[in-house]
Amino acid sequence: MLLIKCPWCGERAETEFSYGGEAGIKRPLEPDKLTDEEWADYLFNRSNPKGAHHELWNHAGGCRRWFEAERDTVTYRIAVTREL
Amino acid sequence: MKKYSALSLVRNALGHNRHWQPAWRKPAPKQEYDVVVVGGGGHGLATAYYLAKEHGIRNVAVLEKGWVGGGNTGRNTTIVRSNYLWTEASLLYEKSMQLWEGLSQELNYNVMFSQRGVYNLGHNLQDMRDIERRVSANRLNGIDAEVVGPAEISKAIPLLDTSASARYPVLGASLQRRAGVARHDAVAWGFARAADALGVDIIEQCEVTGIRRNGGRVVGVETTRGNVVANKVAVVVAGHASVLAEMAGMRLPIESHPLQAFVSEPLKPALDTVVMSGAVHGYISQSDKGELVIGAGIDAYNGYGQRGSFQTIEHTMEAIVALFPSFSRVRMLRQWGGIVDVCPDACPIISKTPVDGLYFNCGWGTGGFKATPGSGWAFAHTIARDQPHELNAPFSLQRFVSGALIDEHGAAAVAH
């Protein structure tokens, strides 16, 4: 089980957290101006890297706040967590 | 290829089994192929086999970074069924089911396909409504399916706790009698041997490190054993589709997750069918060796580590022990993880790509094994004709742009 450091609560067991997927995906400000391909890319496509992954977690069983983490998707080691 | 038969068994036994041929050759990669299939799992080998057999394309290489069937083909729980909800998915999986039914004869290799039936349990009113709907949809598509009640389930699966006081009460189940299990390794080996006999080069220990393109068209691959020129490149790399897509400058609607399975110590025959419960994230069958084969749900986070988390093991075992209280003292022998490529609609991609001559078959999520022959069959058609078969046309990459998704989260049975 992963030990995840919530930026507010400190290190807690993985089971207290829920996963939020890739971080840094911004909803387009003017969706009407996008092509279908651009909208599909925002909606569905993900970088899904093998290695360092920039992602979101939620401390669902604790302070219920979202934060960012840099985690390696092969070793599962979390390099850093930070406030959003 | 020497044909396997009862006679060949006897003859080789008399020769102290010293004269068996290797099931496939170990060729070095040639400079150039008509089609390079990336990925030597069941799907890739089936693709190569049907390319050679159905379309006469025999100048084909299958490049495998490890060994044949060492990825998800050898890591699943071997369940085969075709009871999906939507017509598009049902027809694709049913095509596969029909191929399974003749596969051992077709390949001259015993894939130990055993149609012992699959029960999908319903534990509450909504489960039962979904089961009724799915069974009706299956029957409209000509796929065998029935709804069975607790009395019949209890008779067929005596060890399952169907009592009123059960932690997860069993209100009923869907049953597909033609569904069952197959020997996963044998499927890879059988396709490898049959493809090899038709002239396909199966090249193990050969990792693809780049996809070479020239003006929007694929021209070959870079590998750890040198560059290979190819007219067409077909990528079937469950777990690593996004990694290969990046080599071709593409992004996919896929996230890779660890999925775990377990086998127990061997027991005497105790369970002669397959029991699945989507609601509690557990599915179980008993192998011919007597081991209980148990599958879990996926881990929530993206991962390529081929291992999963402890809480998922605990969660699955809780469910299995609640369903089958008499298994509580059975010891687990092995545990492992595979990496599943999950699409937003829990359906695969078997598709052309924006790069000419480059094809992708991926995104099978937790349910790729059952589709092995049908997936290869449809993918081979797509590659040979440069257009999809009507069975896999709905499973194009384009569906994520058009919005015509095929939502199979319910019938996928494993929570994504």
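The sequence lines fix the lettering, A, B, ..., with proteins before strands; numbering per chain opens at 1. Source: prediction; values computed, not measured.
Other residues, nucleotides and ligands contribute only 12 or fewer heavy atoms inside 6.0 Å of the CZ atom of R77(A). Heavy-atom neighbours of R212(B) CZ from other residues, nucleotides or ligands within 6.0 Å: at or below the threshold of 12. Other residues, nucleotides and ligands place more than 12 heavy atoms under 6.0 Å from the CH2 atom of W8(A). The environment of CD in E318(B) is crowded: more than 12 heavy-atom neighbours from other residues, nucleotides or ligands sit within 6.0 Å. Counting non-hydrogen atoms of other residues, nucleotides and ligands closer than 6.0 Å to CZ of F310(B) gives a total of 12 or fewer. Remark: R82(A) CZ is packed, more than 12 non-hydrogen atoms of other residues, nucleotides or ligands lying under 6.0 Å away.
When heavy atoms are compared at a cutoff of 4.5 Å, L2(A) approaches chain B solely by way of its side chain, counted from C-beta outward. For L252(B), the part sitting under 4.5 Å from any heavy atom of chain A is the backbone (N, CA, C, O) and nothing else. Contacts between S309(B) and chain A at a heavy-atom distance below 4.5 Å involve the side chain alone, from C-beta outward. Proximity to chain B (any heavy atom under 4.5 Å) is shown, for S47(A), by both the backbone and the side chain. For I313(B), no part sits under 4.5 Å from any heavy atom of chain A, backbone or side chain. For E246(B), no part lies near chain A; criterion is any non-hydrogen pair under 4.5 Å.
Nearest approach of V401(B) to D36(A), heavy atoms of both residues: CG1-CB, 3.5 Å. Taking both residues in full, the closest heavy atoms of R251(B) and D41(A) are given as NE-OD1, 2.9 Å, listed atom of the first, atom of the second, then distance. In terms of heavy atoms, Y301(B) sits closest to W57(A) at CD2-CH2, 3.8 Å. N48(A) and Y304(B) get closest at one heavy-atom pair: O-OH, 2.7 Å.
E14(A) contributes atom CD, which lies 6.5 Å from atom CG of D299(B) (distance to the nearest 0.5 angstrom).
Side-chain contact, N302(B) with T73(A): no donor N or O sits under 3.5 Å from an acceptor N or O.
Cation-pi contact between R307(B) and Y76(A): present, with separation from the ring centre below 6.0 Å and deviation from the ring axis of at most 45°.
Panel note: side chain R46(A), backbone E255(B); no donor-acceptor pair is recorded below 3.5 Å.
Using bins of under 30°, 30° to 60° and over 60° for the plane-to-plane angle, the ring pair F400(B)/F44(A) lands in the perpendicular bin.
Note on G21(A), P49(A), G51(A), S18(A): by heavy-atom pairs under 4.5 Å with chain B, the leading option is P49(A).
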